[in-house]
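Here is the structure we will look at, set down as structure tokens.
By convention here, the first residue in the shown sequence is residue 1.
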Amino acid sequence: MRKSLFLCCLVAIVAVTVECGNTNGNTCHVSGVAPDSMMEGKWVFLVPFDNATRNNVDSVLVKNGRFEFRSDTQMVAKVLTAFLLQLDVQPLLIVVEPGEVEVTIASTSSAKGTPQNDSLQQWKELTERHNSEMAAFRRADNRAAADSAQAVYVKRTQQLVRNLKHGVLHDFLNKLVQ
């Protein structure tokens, strides 16, 4: 009996040691929620923003309203659904960086949990407000207001870039405003 107990404890210790040894501080864990039941059993894709190929696109099925990805590559990526579902689900940009990223894919998608993803979410919200304003100015054929709003948007994005540490998001946004 003691020998069995000893072996069980030894196996448990080895298992914990191996699992802890495999933990990589450079791994990004994307934990996703798809609250709409129409997503159940459907594919979600993690697609690099730049240079996507069939070899570097990851995919998972939504199960019980959840999905997850793991990656060791730092990049800006898109979280996408199958083409027909994209009418109801907003595509989402995330920064794949070390840490835990919490994603919700829905009619309004969002990401949070790491410094760059928190900043990217702020920029996304700024961009959505800007796009709404620009649409209103275009409908009103108000070019002067549209030009002014565009200049303010670019300045706010440049300020965000200046406040970011150099990294994936900094480089991505910097390319957009140059």
Side-chain angles (χ1 to χ4, degrees), residues 15-16 18-135 153 156-157 159-161 163-176:
V16 168
V18 168
E19 184 61 30
C20 289
N22 287 338
T23 301
N24 183 344
N26 293 326
T27 299
C28 178
H29 176 231
V30 178
S31 175
V33 175
D36 193 329
S37 62
M38 74 166 190
M39 288 297 303
E40 191 64 28
K42 302 295 190 281
W43 290 99
V44 177
F45 303 91
L46 185 65
V47 181
F49 190 84
D50 291 321
N51 305 315
T53 68
R54 73 177 123 180
N55 295 326
N56 63 7
V57 172
D58 200 353
S59 60
V60 295
L61 284 171
V62 174
K63 184 174 181 179
N64 297 321
R66 300 195 167 284
F67 62 93
E68 65 180 57
F69 296 102
R70 290 191 188 279
S71 178
D72 292 331
T73 304
Q74 292 191 39
M75 64 182 159
V76 173
K78 298 172 273 191
V79 178
L80 301 173
T81 59
F83 179 72
L84 292 176
L85 295 173
Q86 289 180 15
L87 299 174
D88 298 316
V89 176
Q90 183 184 47
L92 180 66
L93 284 179
I94 65 168
V95 177
V96 179
E97 65 175 322
E100 298 285 327
V101 181
E102 298 172 30
V103 169
T104 299
I105 56 169
S107 58
T108 301
S109 297
S110 63
K112 64 180 180 178
T114 62
Q116 291 185 90
N117 279 292
D118 294 344
S119 294
L120 182 56
Q121 184 64 30
Q122 288 176 343
W123 180 75
K124 175 187 178 275
E125 292 166 8
L126 170 71
T127 301
E128 288 171 340
R129 284 190 305 274
H130 169 71
N131 290 343
S132 178
E133 287 175 352
M134 292 299 283
Y153 172 73
R156 287 183 178 165
T157 301
Q159 183 62 45
L160 178 62
V161 170
N163 291 339
L164 288 170
K165 293 180 182 175
H166 285 279
V168 173
L169 182 57
H170 174 275
D171 297 346
F172 173 78
L173 291 176
N174 201 34
K175 282 183 204 175
L176 293 179

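For the atom pair OG1 of T81 and CG of D88, the computed distance is 8.5 Å after rounding to the nearest 0.5 Å. Atom SG of C28 sits about 8.0 Å away from atom CD of E100, to the nearest 0.5 Å. Here the CG-CE distance, from D36 to M39, works out to 8.0 Å after rounding to the nearest 0.5 Å. Considering CD of E68 and NE2 of H29, their distance stands at 3.5 Å, rounded to 0.5 Å. We find the CG-CG distance between D72 and N26 to be 7.0 Å, quoted to the nearest 0.5 Å.
The shortest distance between side-chain heavy atoms of F67 and V33 does not fall below 4.5 Å. Taking 4.5 Å as the limit, every side-chain heavy atom of V89 sits out of range of all side-chain heavy atoms of S107. Side-chain contact between N174 and D171: absent, with no pair of heavy atoms (C-beta onward) separated by less than 4.5 Å.
Looking at every heavy atom in both residues, K42 comes nearest to M38 through CG-O, 3.4 Å. Across P98 and G25, no two heavy atoms sit closer than the pair CB-O, 3.3 Å. In plain terms, the two heavy atoms of A52 and P48 that are nearest each other are CB-O, 3.6 Å. The two residues S110 and L92 come nearest to each other via the heavy atoms O-CD2, 3.4 Å.
Remark: side-chain polar atoms of N64 are not paired, donor with acceptor, to backbone N or O of R66 under 3.5 angstrom. Distance alone, capped at 3.5 Å, is enough to place a donor-acceptor pair between the S109 side chain and the Q90 backbone. In this structure, the side chain of Q116 engages the main chain of L169 through a donor-acceptor pair within 3.5 Å. Counting only distance, with no hydrogens or angles, the side chain of N56 and the backbone of N51 share a donor-acceptor pair below 3.5 Å. Of the possible polar contacts, none joining the E102 side chain to the A111 backbone as a donor-acceptor pair under 3.5 Å is found.
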*Run the numbers on L46 and V57 for side-chain contact (heavy atoms from CB on, under 4.5 Å), then give the verdict.*
CA-CA 6 Å; L46 185 65; V57 172; over 6 Å; no

*Show your working on side-chain contact (heavy atoms from CB on, under 4.5 Å) between Y153 and L126 and close with a plain yes or no.*
CA-CA 8 Å; Y153 172 73; L126 170 71; 4.1 Å; yes

*asked:* Please evaluate residues D50 and V76 with respect to the criterion side-chain contact (heavy atoms from CB on, under 4.5 Å), reporting the C-alpha separation (whole Å), side-chain torsions for both, the decisive distance (0.1 Å), and the verdict.
replied: CA-CA 8 Å; D50 291 321; V76 173; over 6 Å; no

_Verdict with supporting geometry, W43 and V62, side-chain contact (heavy atoms from CB on, under 4.5 Å)_ = CA-CA 6 Å; W43 290 99; V62 174; over 6 Å; no

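With F49 as the aromatic partner, K78 meets the cation-pi criteria of under 6.0 angstrom to the ring centre and within 45 degrees of the ring axis.
Counting only residues at least two apart or on different chains, no ring-ring contact (aromatic ring centres under 6.0 Å, His included) pair has a member in residues 86-117.
Here E128 pairs with K124 in a salt bridge; the nearest charged N to carboxylate O distance falls below 4.0 Å.
Side chains of W123 and T157: a donor on one and an acceptor on the other come within 3.5 Å. Side-chain atoms of Q74 and E97 form no donor-acceptor pair, as typed in the model, at a separation below 3.5 Å.
Around CG of N163, the count of heavy atoms belonging to other residues, nucleotides or ligands within 6.0 Å exceeds 12.
Across D118, N117, T114, a single residue satisfies side-chain contact (heavy atoms from CB on, under 4.5 Å) together with V95, and that is N117. The side-chain contact (heavy atoms from CB on, under 4.5 Å) with F69 is formed by just one residue from the set V44, V96, I94; it is V44.
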